[in-house]
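First the structure, in the form of structure tokens, and then the observations on it.
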2 protein chains.
Amino acid sequence: MNIGDVARQSGVPAKTIRYYEDIGLIRPNRSENGYRAFTENHVHKLAFLGRARALGFTIEDCRTLLSLYEDEKRESMQVKAVAEDHLRQIEEKIAKLQSMRATLAELVEKCAGDHRPDCPIIEDLSPERLAK
Amino acid sequence: MNIGDVARQSGVPAKTIRYYEDIGLIRPNRSENGYRAFTENHVHKLAFLGRARALGFTIEDCRTLLSLYEDEKRESMQVKAVAEDHLRQIEEKIAKLQSMRATLAELVEKCAGDHRPDCPIIEDLSPERLAK
DNA sequence: CATTGACCCTCCAGTAACTGGAAGCCTCAT
DNA sequence: ATGAGGCTTCCAGTTACTGGAGGGTCAATG
């Protein structure tokens with residue numbers, strides 16, 4: 001199978017597939033003409049990667065998950081550890097963003113948004129306190 | 001004032017200050033010895049930038065905000081527009097992350113996390129459906 | 001048989017916002 | 001004079017791709 005077919009079937013862009021080969025996530029053979037030659041298994045791995053990436057796993061996580069995916073003797077605790085760690089990081093990010101949102105929403109609400117220069121947003125960002 | 005003092009007073013790392021000069025966010029003078037020479041105003045701007053960055057504004061947003069900060073004739077609607085836009089993007093990110101979190105949390109909960117290979121996380125990522 | 005259009009290939013560069021490190025000058029205190 | 005910091009520049013690396021240039025390959029058509 002050529003890269004275009006694989007891209008269509010796996011949902012991963014050709015460019016990205018080449019990149020994944022570069023970093024060693026997949027290892028397609030080559031045809032005589034130099035084209036990458038993929039198998040069904042590659043399609044599966046790429047779809048797997050696509051899903052993992054969609055859940056926000058890093059490429060390094062994906063590398064680990066892929067090896068566990070292929071390992072008949074994996075222990076589910078290994079998988080769970082990766083996922084839990086990632087979950088924690090997502091929760092941290094959410095918390096950070098929610099705190100930003102709270103501040104921003106408050107400032108936006110307080111700002112008149114008219115033609116006058118007075119602006120609570122600018123004031124909040126301004127370091128007047130330093131000049132006290 | 002030298003860069004170290006400014007870093008301490010503004011809370012922005014020296015390295016970052018140099019970077020901000022590189023990209024034209026601030027323009028300190030130079031002393032005879034080649035050292036950057038900062039004023040109080042630079043400290044204020046950097047503290048401003050630090051806060052804006054902490055709220056997640058991009059560098060380009062910061063450029064805009066900084067010019068509005070310095071513009072006596074700004075209209076608060078300009079500031080508000082930037083902030084609202086940013087707020088929207090933050091909300092998008094939160095939504096995406098929450099969706100990831102929901103999926104992940106469910107999978108993590110379902111996973112036994114023991115020594116057996118069976119794992120709902122791996123199963124969810126696996127593209128069995130393609131091979132139907 | 002030549003051409004055309006759709007594929008495929010390999011580099012190279014750019015993205016966002018820094019951060020780390022090397023190599024080397026400046027300054028001040030001992 | 002020497003040593004500890006502080007300052008300088010420049011280069012490289014980070015994350016995960018994405019776009020584009022320049023150039024082969026293949027199948028079908030005229």
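Treat the numbers as computed from the prediction; the structure is a model and nothing was measured. Atoms considered below: every heavy atom in the structure, side chains included; atoms not considered: hydrogens, waters and symmetry mates. Order of the sequence lines fixes the chain letters, A, B, ..., with proteins taken first and strands second; residue numbering starts at 1 for each chain.
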Short side-chain to backbone donor-acceptor contact, [X] and [Y], under 3.5 Å:
X      : Y      : value
A:E106 : A:T103 : no
B:S10  : B:V6   : yes
B:H86  : B:L55  : yes
B:R74  : B:V79  : no
A:N2   : A:G4   : no

- Message: Counting only heavy atoms and a strict 4.0 angstrom limit, can you tell me which residues of residues 30-41 of chain B come near DNA chain D?
- Response: B:R30, B:G34, B:Y35, B:R36
- Message: Could you see if A:L25 belongs to whatever hydrophobic cluster contains A:M1? Use Ile, Leu, Val, Met, Phe, Trp, Tyr and a side-chain cutoff under 4.5 Å.
- Response: yes
- Message: How bent is the helix from C:dC1-D:dG30 to C:dT30-D:dA1, measuring the angle between the end axes built from five pairs each, rounded to 10°?
- Response: 40°
Between [Y] and [X], is the closest basic N to carboxylate O distance under 4.0 Å?
X      : Y      : result
B:R30  : B:E21  : yes
A:R116 : A:D114 : yes
A:R88  : A:E92  : no

- Using a heavy-atom cut-off of 4.0 Å to chain B, what are the terminal contacting nucleotides of DNA chain D, in 5' to 3' order? D:dG6 to D:dT9
- Message: Tell me every residue that passes side-chain contact (heavy atoms from CB on, under 4.5 Å) with A:E70, counting only those two or more places apart in sequence or in another chain.
- Response: A:N41, A:K45
- Would A:D5 and A:Q9 satisfy side chain to side chain donor-acceptor pair (under 3.5 Å), going step by step from the backbone distance to the final call? CA-CA 6 Å; A:D5 305 313; A:Q9 284 184 48; 6.0 Å; no
- Message: For B:D5 and A:G56, find the nucleotide of DNA chain D closest to each by heavy atoms; which residue's nucleotide sits nearer the 5' end?
- Response: B:D5
- Determine, stepwise, if the pair A:I121 / A:K110 fulfils side-chain contact (heavy atoms from CB on, under 4.5 Å). CA-CA 8 Å; A:I121 302 169; A:K110 282 197 294 189; over 6 Å; no
- Between which nucleotides of DNA chain C, 5' to 3', does chain A make heavy-atom contacts below 4.0 Å? C:dC7 to C:dT10
- Query: Going by number, which of residues 15-24 of chain B have a non-hydrogen atom under 4.0 Å from DNA chain C?
  - Reply: B:K15, B:T16, B:Y19, B:Y20
